[in-house]
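Before any comments, here is the structure.
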Amino acid sequence: MKFICLGYADESKFASMSKEEMDAAVEECFAYDDELRRGGHFAGGEALQSATNAVTIRQRGGKVDITDGPYAETKEQIGGILYLEAKDLNQAIALMSKHPGVKFGPFEIRPADEEFNKLIESRSKALQAT
Amino acid sequence: MTSREPTTNNDTEILSMLDILYREQSRRVYATLVRLLGDFDLAEEAMQEAFAAAVTQWRTEGIPTNPRSWLVSTARFKAIDTIRRRAKFDKTIEEHGDFLAPGSTEPELFDEDTFKDDLLRLIFTCCHPALSSPAQIALTLRETCGLTTEEIASAFLTSAVTIAQRIVRGKAKIRDARIPYEVPSQADLPERLDSVLSVIYLVFNEGYSASSGAHATRVDLSSKAIHLGEVLLELLPDSEVMGLLALMLLHESRRTARTDQNGDLILLEDQDRSLWNQNQIAKGIELVQRAMASADFGTYTIQAAISAAHANAKSATETDWSQIVALYDLLMQAEPSPVIELNRAVAVAMRDGPQIGLNLIDEILARGELKDYHLIHAAKGELSRRLGKKIDARASYQLALELAKQEPEQRLLQKRLLELNE
């Protein structure tokens with residue numbers, strides 16, 4: 001089963017880190033990702049630019065309103081997304097508890113909505129077929 | 001495997017046996033069915049059908065040698081029937097395939113260990129940390145204690161709709177987020193056990209501190225919690241399980257002594273100790289000793305040891321306050337908190353005199369902690385009164401009264417204020 005792990009982090013923490021510290025942290029995370037790969041648990045991921053580069057759009061009064069910044073102005077912002085393959089929630093929790101990224105901020109673990117993903121997939125296939 | 005006794009059993013005998021089986025074993029049968037069927041609702045439905053089938057079948061065929069296994073096997077077949085029936089209408093039901101063909105129609109034998117493991121699985125699943133605390137409590141009472149939604153609602157003075165929602169959402173999360181039906185691994189056990197123990201303790205406290213004669217129909221949550229603690233101890237003889245059970249038994253032993261006929265609270269030092277339940281005290285003390293003898297006891301055991309020290313004293317003045325202070329020191333090391341610090345201060349006051357206790361309490365308040373906690377002001381009032389500082393005592397009691405939320409506590413504080421005027 002696929003779990004989507006949203007990695008949150010306090011961006012100001014990174015700003016206070018030296019380049020060496022930053023490189024070491026990234027290397028540590030990458031090394032653990034490799035371990036996940038070897039176990040067949042790493043199903044991809046995306047790193048995100050700073051939340052200051054985010055744009056939020058929402059509908060207001062029939063018009064789409066564009067605002068600068070992330071949807072929720074909290075101290076911790078989503079910094080990256082990891083797709084995790086695990087047999088159940090306990091395994092997902094156990095695997096992500098050991099991820100070095102958890103030192104920089106919380107992970108939100110969300111099961112993928114497989115039903116809905118099937119719909120999306122069949123939609124893509126249908127369009128390819130035409 | 002299923003040799004029958006001759007059909008000499010009469011109806012009343014069968015019915016009373018089923019009644020006992022239902023009361024004492026149905027949650028174990030259910031827990032095993034949840035594992036076999038992978039579905040809470042299907043398991044519940046199938047189990048009810050199996051009990052109904054037993055009433056008629058045992059009359060003609062006699063009581064099976066292993067009634068519990070018979071119930072599980074029968075329920076399993078009933079569930080398969082249900083799924084096949086549903087499958088006729090819904091072609092998507094394929095996921096249950098793994099148990100649709102159990103191979104033989106002969107009832108299987110499930111041994112004691114299987115039932116025990118399954119009940120543990122059920123308990124750990126209902127108390128999974130991915131569920132909210134209210135959902136953990138509702139699921140535990142519903143699934144592992146077998147209380148009805150209505151009983152849980154009335155025990156927590158809330159609506160049945162609210163409880164039903166918590167249960168439905170909890171079960172949905174277990175299914176959809178794929179919370180596995182398993183006993184945690186040795187590595188995760190301490191943490192996962194903590195959440196089980198805290199659910200049991202929350203249930204106990206709800207029954208203990210909310211006790212009043214006004215709600216005669218409320219399920220006695222304290223005795224449910226104690227029962228759960230006993231079951232858990234049987235399944236998992238861990239020192240903290242012993243500690244929690246001991247703590248609950250020792251608190252419970254004072255139930256009749258801690259309120260008067262009007263439902264007013266009587267503090268420990270004023271209680272009629274002859275009303276304390278000696279049977280529960282003996283059990284509690286024995287458990288504390290066993291838990292303390294293990295190397296890895298924790299905070300429940302220390303709290304139980306404090307309670308045991310009170311239980312051992314013939315009167316408030318004969319209490320071994322030095323031992324109690326030492327236990328609070330231990331508790332502060334294990335789990336530092338201002339509330340524990342306050343309790344320790346009160347014990348120190350009993351050992352070394354009110355002024356020393358008062359100084360410790362003022363230190364907590366000076367740090368800005370527990371300002372809104374009624375009991376710190378009540379304790380301050382009590383110690384000031386003992387020192388003859390009537391004005392200070394009155395001010396503290398008044399503050400405590402403004403902050404107290406429970407009626408019996410408010411009445412006690414009002415009484416203290418009146419006594420000061422005498």
Side-chain angles (χ1 to χ4, degrees), chain A residues 1-8 28 31-32 35-36 38-45 72 74 76 78 80-103 105-123 125-126, chain B residues 31 34-40 90-99 117-118 120-133 135-136 139 143 168-196 198-199 236:
Chain A
M1 185 176 184
K2 197 191 274 177
F3 291 87
I4 289 89
C5 308
L6 307 171
Y8 286 79
E28 204 187 343
Y32 189 71
E35 211 167 297
L36 290 176
R38 281 191 283 270
H41 298 298
F42 190 89
T74 54
E76 278 132 344
I78 300 182
I81 293 164
L82 190 153
Y83 302 113
L84 187 80
E85 195 56 50
K87 74 173 160 60
D88 54 43
L89 186 65
N90 281 4
Q91 193 185 31
I93 291 172
L95 289 169
M96 292 312 286
S97 300
K98 281 186 255 157
H99 199 292
V102 82
K103 282 188 274 193
F107 279 114
E108 179 175 324
I109 302 174
R110 295 270 288 269
D113 188 335
E114 308 283 12
E115 293 277 305
F116 211 89
N117 285 338
K118 269 185 210 155
L119 280 179
I120 295 172
E121 204 183 324
S122 65
R123 195 81 178 190
K125 276 187 188 149
Chain B
V34 172
R35 175 174 57 80
L36 293 171
L37 303 174
D39 187 302
F40 284 94
D90 183 356
K91 295 282 178 226
T92 62
I93 301 179
E94 289 294 316
E95 55 200 278
H96 293 288
D98 45 336
F99 69 87
D117 285 352
D118 287 337
L120 261 186
R121 283 190 179 95
L122 183 63
I123 293 172
F124 276 106
T125 305
C126 291
C127 297
H128 197 282
L131 301 166
S132 72
S133 175
Q136 292 174 345
L139 279 171
E143 310 303 326
V168 167
R169 285 185 190 150
K171 284 183 189 168
K173 186 162 189 182
I174 291 170
R175 186 183 61 237
D176 297 337
R178 212 172 287 182
I179 293 176
Y181 195 61
E182 66 183 20
V183 177
S185 66
Q186 208 59 38
D188 295 334
L189 194 62
E191 205 178 316
R192 294 285 308 278
L193 184 59
D194 272 353
S195 80
V196 174
S198 89
V199 166
L236 197 76

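Letters A, B, ... mirror the listed sequences (proteins, then strands); counts begin at 1. Because the structure is predicted, anything quoted here is derived from the model rather than measured.
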What is the distance from atom CD1 of B:Ile179 to atom CG of A:Asn90, rounded to the nearest 0.5 Å? 7.5 Å
Where does B:Ala177 contact chain A at under 4.5 Å (heavy atoms): side chain, backbone, both or neither? both
What part of A:Ile93 is in contact with chain B, defined as an atom under 4.5 angstrom from a non-hydrogen atom: side chain, backbone, both or neither? side chain
A:Asp88 and B:Arg178 have their tightest heavy-atom pair at CB-O, 3.3 Å
Taking all non-hydrogen atoms of both residues, which atom of B:Ala130 and which atom of A:Leu89 are closest, and how far apart? CB-CD2, 3.6 Å
Taking CZ in B:Arg192 as the centre, count heavy atoms belonging to other residues, nucleotides or ligands within less than 6.0 Å. Is the count above 12? yes
